[in-house]
Amino acid sequence: MAVPELPEVETVRVGLERWVVGRTIAKVKVGHPRAVRRHVAGPKDFERVLAGRTIISTRRRGKYLWLPLDSGDAIVGHLGMSGQMLVQPVTAPLEKHLHIRFDFTDKGPQLRFIDQRTFGGLAVSVGGAELPQEIAHIGKDPLEESFVDKDFLVRLSGRRTAVKRALLDQTLISGVGNIYADEALWRAKIHGNRPSDELSRPAAQRLLAHVKEVLGEAITAGGTSFDALYVNVNGESGYFERGLNAYGREGEPCPRCGTAIKRSTFMNRSSFFCPKCQRER
DNA sequence: ACAAAGTCCTGCCAGC
DNA sequence: TGCTGGCAGGACTTTG
């Protein structure tokens, strides 16, 4: 599975909306303490405080999602690089990297948190049903109604850092990761190394529009692959096979101009770009 | 051994 | 002086 960014997390949220909202948690089992390391009171407290609680809805901001509870608290989670939320029959075999299991009072399918690389995790946010304070430092994501384009553009133009770094700064704009950052930059014909404060206003506006566009398309693609009722809540977006123009395509022709896509290491991760369409200066 | 790449943390610096 | 925010780099993690 690909690293989950906003579209994949949204797909997971939709799945959870379908499968766990309205259900009451009977029992929680934490198998790996690292999966609840953000829950400061510890694994046992995590298990105890959730027993008997009813999940009343699903929410998301950027790559974070949270499940408001009837208590006014919320289960807040991040999938990290490899986290999955699976809805599985009670009888299903235990997954290799299964770290948290939720049983419900209706004895229906379990909710399972699986995470190979353990960058993800869950926690209970006290009073966090509306907006967990644990994620209050995260900026709005560009698909939220309350996201204000102008605020983002003003803050972006005040940064001296590389524009790709700015896109990945979750306090500036949330939900964009390495893959969709590269895709949006390719679409906007902007090199990720360009200093944020040197982008013209029209260029910055174009970039933001492409960020929204690529995220929206990926959500649509994910939604279609998710229709079957039995499908697990696993964040497969279906977007990766078809839609990527730059990311992961080193040496392949740019779909726009035919020039070979280049790869460079930047911020300890790979960046893919067209050296002709996306000029550094 | 390297690459993958989320978030968080630390240390440094500038400005008020 | 102390607070804040920007900034860059490193830590953490597992698997093939």
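Heavy atoms only: backbone and side chains are in, while hydrogens, waters and symmetry mates are out. Every chain is numbered from 1 and lettered A, B, ... according to where its sequence line falls, protein lines coming before strand lines.
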So what does [X] hit on the nucleic acid, given a heavy-atom distance under 4.0 Å: a base, only sugar-phosphate, or nothing?
{"X": "A:R160", "result": "sugar-phosphate"}
{"X": "A:R37", "result": "nothing"}
{"X": "A:H32", "result": "nothing"}

Can you tell which of [options] lies closest to the side chain of [X]?
{"X": "A:R165", "options": "C:dC12, C:dG9, B:dA4", "value": "C:dG9"}
{"X": "A:H78", "options": "B:dC8, B:dG6, B:dA4", "value": "B:dG6"}
{"X": "A:Y64", "options": "C:dC7, C:dT15, B:dC8", "value": "B:dC8"}
{"X": "A:H97", "options": "C:dT15, C:dT13, B:dA4", "value": "C:dT15"}
{"X": "A:T161", "options": "C:dT15, C:dC7, B:dG6", "value": "C:dC7"}
{"X": "A:R38", "options": "B:dC8, C:dG6, C:dG9", "value": "B:dC8"}

What is the distance, to the nearest angstrom, from the [atom1] atom on [X] to the [atom2] atom on [N]?
{"X": "A:R155", "N": "C:dG6", "atom1": "CZ", "atom2": "C1'", "result": "11 Å"}
{"X": "A:H99", "N": "C:dT13", "atom1": "NE2", "atom2": "P", "result": "12 Å"}
{"X": "A:K96", "N": "C:dT14", "atom1": "NZ", "atom2": "P", "result": "11 Å"}
{"X": "A:I173", "N": "B:dT7", "atom1": "CD1", "atom2": "P", "result": "13 Å"}
{"X": "A:N178", "N": "B:dT7", "atom1": "CG", "atom2": "P", "result": "11 Å"}
{"X": "A:I135", "N": "B:dG6", "atom1": "CD1", "atom2": "P", "result": "17 Å"}
{"X": "A:K164", "N": "C:dC7", "atom1": "NZ", "atom2": "P", "result": "17 Å"}
{"X": "A:M81", "N": "C:dC12", "atom1": "CE", "atom2": "C1'", "result": "11 Å"}

(message) Once you measure the plane-to-plane angle for A:F152 and A:F147, does it fall in the parallel (<30°), tilted (30-60°) or perpendicular (>60°) bin?
(response)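 The arrangement is tilted - the two ring planes meet at 30° to 60°.
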(request) May I ask you to decide if the ring planes of A:H137 and A:Y64 are parallel, tilted or perpendicular, using 30° and 60° as cut-offs? (result)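 Ring orientation, 0 to 90° scale: perpendicular.
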(request) Please determine if a side-chain N or O atom of A:S270 lies less than 4.0 Å away from the OP1 or OP2 oxygen of B:dA3. (result)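 Answer is no, no contact under 4.0 Å.
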(message) Using a strict threshold of under 4.0 Å (side-chain N to carboxylate O), is an ion pair present between A:K63 and A:E8?
(response)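 A:K63 and A:E8: not salt-bridged.
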(request) Quick one: which residue pairs count as a side-chain hydrogen bond (donor to acceptor under 3.5 Å, both in side chains) with a foot in residues 271-280 of chain A, not counting sequence neighbours? (result)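 Output for this query lists A:K164-A:S271, A:N193-A:E280.
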(request) Could you identify which residues of residues 114-132 of chain A place a heavy atom less than 4.0 Å from some atom of DNA chain C, listed by residue number, or say none? (result)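 Going residue by residue through residues 114-132 of chain A, the ones with a heavy atom under 4.0 Å of DNA chain C turn out to be A:Q116, A:R117, A:T118, A:F119.
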(message) As a test of understanding, state which of A:V20, A:I55, A:L67, A:T105 forms a side-chain contact (heavy atoms from CB on, under 4.5 Å) with A:I25.
(response)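 The residue from A:V20, A:I55, A:L67, A:T105 that satisfies side-chain contact (heavy atoms from CB on, under 4.5 Å) with A:I25 turns out to be A:I55.
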(message) Go nucleotide by nucleotide along DNA chain C from the 5' end; which of A:R159 and A:R269 gets its closest nucleotide reached first?
(response)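 Final value for this comparison: A:R159.
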(request) Please name the pair of heavy atoms, one in A:I190 and one in A:R206, separated by the smallest distance, quoted to 0.1 Å. (result)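 For A:I190 versus A:R206, the nearest heavy atoms are CG1-NH2, 3.9 Å.
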(message) Assigning hydrophobic clusters by single linkage (Ile, Leu, Val, Met, Phe, Trp, Tyr; side-chain heavy-atom cutoff under 4.5 Å), is A:F102 placed with A:W66?
(response)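 In one cluster with A:F102: A:W66, no.
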(message) Here's a test for you: under salt bridge (Lys or Arg N to Asp or Glu O under 4.0 Å), which of A:E17, A:E10, A:E144 qualifies with A:R60?
(response)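 Running salt bridge (Lys or Arg N to Asp or Glu O under 4.0 Å) over A:E17, A:E10, A:E144 with A:R60 returns exactly one hit, A:E10.
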